[in-house]
**Q** 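Okay, here's the structure, questions in a sec.
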Amino acid sequence: MTPRQQGDVDELFDVKNAFFIGNYTQCIKEVENVTKVSSEELQVERLGYLYRSYVAQKKYRVVLDEITESSPAMPIRIMAEYFGGNRSKKDEALSQIEKLFTSSLLKDKHLLIIAAATIYAEEGNFEAALRVLNQGDHIEYNALNLHIYLQMDRKDLARKELKLMQDRDDDATLTQLAQAWVNIALGGEKMLQDAYYIFQEMVEKHGPTSLLLNGQAVCFMGQGKYQEAQTVLQDALDKDSNAPDTLINMTALSHYLGKPTEVASRYLSQLQDSHADHDFVKEYNQKKSEFQRLCKQYCASA
């Protein structure tokens, strides 16, 4: 897939914008508004944003009911099976993804690369995710690379990936978001302030979403502006009371504000109940288990 030439009209501009800022309901509406596109490649990409939005909303049944095994959007069906399934289903989805790479069923590998990289990254197999992303050329691959580098705490590589995105399209929504993510990772008053302005500009231009509001909240917390963070996180809760990022940030903010322990525990319990497979929950449970083990060991030796 080749990068869009500068000056070309992006037929999926509104679709992509809504998806990237986390407004999945609007993305679905925008897809329905774009009834015709100029190429089969764009049609596949259009379907990809539609069904990826349903996956993001955890409406897996819609995806499973509508995408057949012969559909070019089959990789997104596998994503739905992975994220909506138990460990056995996840392993089966991984096997399906690997088989698709060796088959000739898909003419366009774009959605396959997106789905495979997303699933591998979720598995913590960053090496496999990066290897898959290097098989194509698309700004989304750059963004996923950058996100993985930040998860690996390789800020140096994330900054290099950001430079590639800026050279490709400095004004693109994904590039601006990537700049904000890198700024937050680097930290410091100016970096956090610049990141906040990026999120604020998008809120003013496209309206608030849980993703943008959580971005602002992280910037505020990094600057010690806890009351401001509470205001935007409350707005985020009003939009989606079960979003994992909002629950995590509210848990942390409750401690910063010195609220009673049960307040933070309430958000944490909700997170554990609704998002048991989230990386934060897995790491928390692991550390809790390790702490309890050390306590028993200490008590026994004492």
Side-chain angles (χ1 to χ4, degrees), residues 1-4 12 15-16 19-22 24 27 41 44-58 60 63 67 71-85 89-103 105-155 157-165 168-169 172-175 177-178 181-182 185 211 244-245 277-279 282:
M1 187 166 288
T2 57
R4 190 174 301 280
L12 299 178
V15 172
K16 293 176 181 178
F19 182 82
F20 294 148
I21 66 171
Y24 303 116
C27 180
E41 180 183 287
V44 173
E45 202 171 345
R46 170 182 170 272
L47 288 174
Y49 288 117
L50 172 68
Y51 291 118
R52 286 163 69 191
S53 292
Y54 281 122
V55 170
Q57 293 178 327
K58 296 191 174 184
Y60 306 122
V63 179
I67 300 180
S71 169
M74 180 59 186
I76 309 305
R77 178 188 171 92
I78 297 174
M79 273 182 67
E81 290 172 342
Y82 176 86
F83 285 104
K89 288 288 186 183
K90 290 180 189 299
D91 291 338
E92 188 178 330
L94 279 164
S95 177
Q96 285 183 285
I97 280 287
E98 288 161 6
K99 285 178 183 176
L100 272 183
F101 271 109
T102 58
S103 76
L105 294 175
L106 293 175
K107 296 178 183 177
D108 190 331
K109 299 287 188 185
H110 174 61
L111 293 184
L112 178 55
I113 290 172
I114 290 287
T118 302
I119 289 173
Y120 286 140
E122 183 69 18
E123 287 283 304
N125 190 347
F126 298 136
E127 183 180 345
L130 293 170
R131 185 171 61 249
V132 164
L133 290 167
N134 285 331
Q135 295 184 29
D137 181 28
H138 195 284
I139 195 169
E140 277 204 72
Y141 305 164
N142 295 126
L144 281 170
N145 274 329
L146 184 146
H147 182 66
I148 290 168
Y149 289 142
L150 290 178
Q151 284 185 283
M152 295 169 64
D153 198 27
R154 289 299 307 270
K155 301 181 185 70
L157 296 178
R159 293 179 79 171
K160 288 180 181 178
E161 202 70 36
L162 175 60
K163 180 65 168 60
L164 293 175
M165 296 178 73
R168 182 192 287 269
D169 188 348
T173 298
L174 258 187
T175 305
L177 285 171
W181 298 332
V182 169
L211 183 149
D245 287 348
D277 288 333
H278 195 282
D279 286 344
K282 289 178 182 176

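Only this structure's heavy atoms are used, side chains among them; waters, hydrogens and symmetry mates stay out.
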**Q** Working note: Val63 + Met79, criterion side chain to side chain contact (heavy atoms under 4.5 Å, CB included); need CA distance, chi angles, decisive distance, verdict.
**A** CA-CA 9 Å; Val63 179; Met79 273 182 67; over 6 Å; no
**Q** Could you state the interatomic distance from CG (Leu50) to CZ (Phe19), rounded to the nearest 0.5 Å?
**A**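 These two atoms lie 10.5 Å from each other.
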**Q** Lys90 and Glu122: side chain to side chain contact (heavy atoms under 4.5 Å, CB included), yes or no, with the steps?
**A** CA-CA 11 Å; Lys90 290 180 189 299; Glu122 183 69 18; over 6 Å; no
**Q** CG of Asn145 to CG of Leu162: how many Å apart, nearest 0.5 Å?
**A** 12.5 Å
**Q** Verify the neighbour count for atom NZ of Lys160: are there more than 12 heavy atoms of other residues, nucleotides or ligands below 6.0 Å?
**A**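 No, not enclosed.
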**Q** Return the minimal non-hydrogen interatomic distance between Ile76 and Val55, and the atom names on each side.
**A**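 Shortest heavy-atom contact: CG2-CG2, 4.1 Å.
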**Q** Could you give the distance from CE (Met165) to CG (Asn142), rounded to the nearest 0.5 Å?
**A**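 One gets 5.5 Å once the value is rounded to the nearest 0.5 Å.
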**Q** Kindly indicate whether the side chain of Tyr149, heavy atoms from C-beta on, has any atom under 4.5 Å from the side chain of Arg159.
**A** no
**Q** Is any side-chain heavy atom of Val182 closer than 4.5 Å to one of Lys155?
**A** no
**Q** Testing the basics here: between Lys109 and Phe101, what is the closest heavy-atom pair and its distance to 0.1 Å?
**A** NZ-O, 3.9 Å
**Q** How far does CZ of Phe126 sit from CG of Leu133, to the nearest 0.5 angstrom?
**A**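 Between Phe126 CZ and Leu133 CG, I get 12.0 Å after rounding to 0.5 Å.
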**Q** Tell me if the CD atom of Glu123 is crowded by more than 12 foreign heavy atoms within 6.0 Å.
**A**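 Atom CD in Glu123 is packed in, count exceeds 12.
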**Q** A side-chain contact here means heavy atoms from C-beta on lying under 4.5 Å apart; do Tyr141 and Asn134 qualify?
**A** no
**Q** Would the distance check show the side chain of Lys89 and the main-chain N or O of Tyr82 forming a donor-acceptor pair, the cut-off being under 3.5 Å?
**A** no
**Q** Once rounded to the nearest 0.5 Å, what's the spacing between atom OG of Ser103 and atom CG of Leu112?
**A** 8.0 Å
**Q** Show the nearest heavy-atom pair for residues His138 and Arg168, with the distance to one decimal.
**A** N-NH2, 3.7 Å
**Q** Could you go step by step and tell me if His278 and Asp245 meet the side chain to side chain contact (heavy atoms under 4.5 Å, CB included) rule?
**A** CA-CA 10 Å; His278 195 282; Asp245 287 348; 4.3 Å; yes
**Q** Please determine whether a side-chain nitrogen of the Lys or Arg among Glu45 and Lys16 lies less than 4.0 Å from a carboxylate oxygen of the Asp or Glu.
**A** yes
**Q** So, for Ala93 and Ile78, which heavy atoms are closest and what is the spacing to 0.1 Å?
**A**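 Between these two residues, the closest heavy atoms are O-CG2, 3.5 Å.
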**Q** For Ala80 and Tyr60, which heavy atoms make the closest approach, and how far apart are they?
**A** O-CD2, 3.8 Å
**Q** State the CD1-CG distance between Ile21 and Leu174, to the nearest 0.5 angstrom.
**A**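 CG of Leu174 is found 11.5 Å from CD1 of Ile21.
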**Q** Please assess Glu41 against His110 for the test side chain to side chain contact (heavy atoms under 4.5 Å, CB included), listing each intermediate value before the final yes or no.
**A** CA-CA 9 Å; Glu41 180 183 287; His110 174 61; over 6 Å; no
**Q** Heavy atoms, side chains only, cut-off 4.5 Å: are Ile114 and Arg52 in contact?
**A**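 They are in contact (side-chain heavy atoms under 4.5 Å apart), so the answer is yes.
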**Q** Restricting to non-hydrogen atoms, name the atom on Leu144 and the atom on Ala117 that form the minimum distance, rounded to 0.1 Å.
**A** CD1-CB, 4.4 Å
**Q** Heavy-atom distance under 4.5 Å between the side chains of Leu211 and Leu177, does that happen here?
**A** yes
